[in-house]
2 protein chains.
Amino acid sequence: MPDTPPSLDSVQLRAYFALMEVAGLLRHAVEQQLREVGDLSYVQFQLLARLGLDSSTGSERMTDLADGVVYSRSGLTYQAGLLEKADLVTRTPSPDDERAVTVTITDAGRALLAKVLPGHTEVISRQLFQPLSRTDAKALADLLSPVRDHMRAAPPRSAAPRRRRR
Amino acid sequence: MPDTPPSLDSVQLRAYFALMEVAGLLRHAVEQQLREVGDLSYVQFQLLARLGLDSSTGSERMTDLADGVVYSRSGLTYQAGLLEKADLVTRTPSPDDERAVTVTITDAGRALLAKVLPGHTEVISRQLFQPLSRTDAKALADLLSPVRDHMRAAPPRSAAPRRRRR
DNA sequence: CACGAGTGCTTCAAATTCGAAGCACATCCG
DNA sequence: CGGATGTGCTTCGAATTTGAAGCACTCGTG
């Protein structure tokens with residue numbers, strides 16, 4: 001017998017909806033700023049940021065990039081193609097694994113990232129952190145970090161047969 | 001002279017990244033469940049939920065729906081068309097304003113919503129609230145609700161000339 | 001070594017998404 | 001009333017995104 005379906009109480013619902021709406025609105029706001037200043041989509045910015053800021057070497061394998069950005073592989077191939085065409089990254093076969101492709105940010109990529117970053121943080125500051133105190137920000141980070149780790153660890157569901165899209 | 005660009009401290013960065021990643025992962029998880037059980041995309045579910053749960057009448061104007069779901073108008077037209085074709089909603093000209101279109105959820109729409117909802121809440125419970133206590137959930141809701149209100153009120157930026165996409 | 005399963009990426013076709021332009025109705029002022 | 005402006009939605013073309021299929025390489029086992 002299956003467990004009783006755990007329904008959400010009103011507080012949880014509030015938190016869930018607020019979370020999704022804030023993330024959506026924030027993404028929209030950021031997207032607009034990125035487009036204006038650097039002609040970048042949010043995904044492209046995420047990729048550059050991950051390469052230029054998170055990675056100490058400036059390189060990552062395609063798969064790791066895709067996972068980090070919560071993105072499909074084929075979509076990443078497409079975007080990596082665009083970024084490469086714009087000379088913001090290079091793609092080279094990995095030395096240790098012939099199948100893998102290493103994506104590396106170029107100087108131009110770093111330059112664009114630097115150009116875009118101030119406005120980006122400005123939007124985040126104003127839109128997200130304006131209503132939050134320093135303490136609030138810490139509380140938020142402390143609440144969400146475990147959730148992120150939990151979700152990373154627990155894949156949503158075992159693969160199931162796909163139906164045709166509606 | 002412009003203000004000094006407010007850069008983000010590490011705590012804020014943590015909070016920002018965690019927020020976006022959690023929202024992204026959660027959306028993916030939910031999307032998969034919705035596809036399996038009801039052959040609905042997340043957007044379609046949001047639309048049905050808004051009509052069937054939030055609205056007391058089961059109806060909304062297109063524009064209000066688009067705003068509520070953070071969505072472009074043309075995208076909403078497309079999705080509303082799909083939902084209508086599947087007999088989950090109806091579209092009728094509004095009585096008081098000939099320009100406006102009222103979207104109304106059908107019985108079939110409500111039925112599908114009911115069918116999908118348990119699994120949906122189950123995913124949210126497990127993925128989002130598993131690592132959070134009751135108190136945490138409340139804290140999260142209380143932190144994010146003001147942010148959402150603030151972002152709703154403050155449009156990202158006045159319209160600026162659009163450039164060609166990269 | 002040879003085979004079969006697995007992994008990493010790309011290609012492909014189809015679906016979704018967006019912004020700009022267009023259309024119809026509404027509202028505002030003179 | 002009449003024209004100008006604004007609003008609500010749809011249409012259109014182009015860009016993006018996705019899952020499935022395909023290809024190449026790797027790994028484990030015999």
Side-chain angles (χ1 to χ4, degrees), chain A residues 24 27-28 31-32 34-36 39-47 59-86 89-103 156-157 159-166, chain B residues 24 27-28 31-32 34-36 39-47 59-86 89-103 156-157 159-166:
Chain A
R27 186 178 170 129
H28 268 262
E31 207 135 44
Q32 186 169 339
L34 289 173
R35 185 77 65 204
E36 287 171 17
D39 199 23
L40 285 173
S41 70
Y42 187 60
V43 172
Q44 292 169 338
F45 169 75
Q46 280 184 300
L47 295 175
S59 300
E60 287 240 36
R61 296 189 323 150
M62 293 282 283
T63 292
D64 298 331
L65 273 180
D67 291 344
V69 176
V70 188
Y71 209 61
S72 74
R73 275 76 210 288
S74 52
L76 178 58
T77 295
Y78 175 75
Q79 287 295 347
L82 292 187
L83 291 177
E84 186 177 40
K85 196 157 38 177
V89 306
T90 59
R91 270 190 295 190
T92 55
S94 299
D96 50 329
D97 188 335
E98 265 316 307
R99 296 166 301 177
V101 170
T102 300
V103 182
R157 187 177 291 275
R162 277 279 183 242
R163 302 187 192 171
R164 192 99 191 112
R165 289 197 181 175
R166 186 179 299 281
Chain B
R27 183 173 172 134
H28 267 261
E31 205 135 46
Q32 186 169 339
L34 289 173
R35 185 75 67 204
E36 287 172 15
D39 200 21
L40 285 173
S41 71
Y42 187 60
V43 172
Q44 293 169 338
F45 169 75
Q46 280 184 299
L47 294 174
S59 299
E60 288 240 34
R61 296 188 323 150
M62 293 282 285
T63 292
D64 297 332
L65 272 180
D67 291 344
V69 176
V70 188
Y71 210 62
S72 73
R73 276 74 208 291
S74 52
L76 178 57
T77 294
Y78 176 75
Q79 287 295 345
L82 291 187
L83 290 176
E84 187 178 39
K85 196 157 38 174
V89 306
T90 60
R91 270 190 294 188
T92 55
S94 300
D96 48 330
D97 188 335
E98 267 312 310
R99 295 167 300 178
V101 169
T102 301
V103 182
R157 186 177 290 275
R162 277 279 184 238
R163 302 186 191 172
R164 193 102 192 106
R165 291 198 179 174
R166 184 182 298 282

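Keep in mind the model is a prediction, meaning the values are calculated, not measured. Within every chain, numbering begins at 1; the chains are lettered A, B, ... in the order of the sequence lines, protein sequences first and strands thereafter.
- Side-chain atoms of A/A100 lie closest to C/dC9 of the nucleotides D/dC25, C/dC9, D/dC9.
- Dashed line: the shortest gap from a side-chain N or O of A/Y78 to OP1 or OP2 of C/dT10 is not under 4.0 Å.
- Atom-to-atom, CG of B/D64 to P of D/dG8 comes out at 9 Å; the value is rounded to the nearest Å.
- The only member of B/L34, B/L83, B/V69, B/D39 that meets side chain to side chain contact (heavy atoms under 4.5 Å, CB included) when paired with B/Q44 is B/L83.
- The side chain of B/R61 lies closest to D/dG8, out of C/dG8, D/dG8, C/dA26.
- Closest to the side chain of B/M62, from the set D/dT10, C/dT10, D/dG19, is D/dT10.
- In this structure, A/L34 atom CG and D/dT16 atom P are separated by 14 Å, rounded to whole Å.
- Per the geometry, CG belonging to A/D97 stands 8 Å off P belonging to C/dC9, to the nearest Å.
- Of all the heavy atoms in B/R91 and B/T77, the pair that sits closest is NH1-O, 3.8 Å.
- Listed nucleotides D/dG8, D/dT16, C/dT16 differ in distance to B/T63; the shortest reach to its side chain belongs to D/dG8.
- Taking both residues in full, the closest heavy atoms of B/R35 and B/S41 are given as NH1-N, 3.8 Å, listed atom of the first, atom of the second, then distance.
- Taking every heavy atom of both residues into account, B/S72 and B/G75 meet most closely at OG-N, 3.0 Å.
- The side chain of B/R91 contributes an N or O atom lying less than 4.0 Å from OP1 or OP2 of D/dT10.
- Put simply, OH on A/Y42 is 17 Å from C1' on D/dT17, counting in whole angstrom units.
- Rounded to an integer number of Å, the gap from CD of B/Q32 to P of D/dT17 is 20 Å.
- Between B/Y71 atom OH and D/dG8 atom C1' there is a gap of 18 Å when expressed in whole angstrom units.
- In terms of position on DNA chain C, the residue among B/D96 and A/A80 whose nearest nucleotide sits closer to the 5' end is A/A80.
- One interatomic measurement links the two molecules: CD of B/E98 to C1' of D/dT10, which rounds to 16 Å at whole-angstrom precision.
- The base of D/dG19 sits with one of its N or O atoms less than 3.5 Å from a complementary donor or acceptor on the side chain of A/S74.
- For A/R73, counting side-chain heavy atoms from C-beta on, the closest listed nucleotide (C/dT16, C/dG19, C/dT10) is C/dT10.
- The interatomic distance linking A/E36 (CD) with C/dG19 (P) rounds to 12 Å, in whole Å.
- With D/dT10, C/dT17, D/dT16 as the choices, the nucleotide that has an atom nearest any side-chain atom of A/Q79 turns out to be D/dT16.
- Judged by distance alone with a 3.5 Å cut-off, no donor-acceptor contact links the side chain of A/R99 to the base of D/dT26.
- Along DNA chain D, the nucleotide nearest A/V70 and the nucleotide nearest B/S94 are compared for position; the residue whose nucleotide lies closer to the 5' end is B/S94.
- Looking at every heavy atom in both residues, A/T102 comes nearest to A/S94 through OG1-OG, 2.7 Å.
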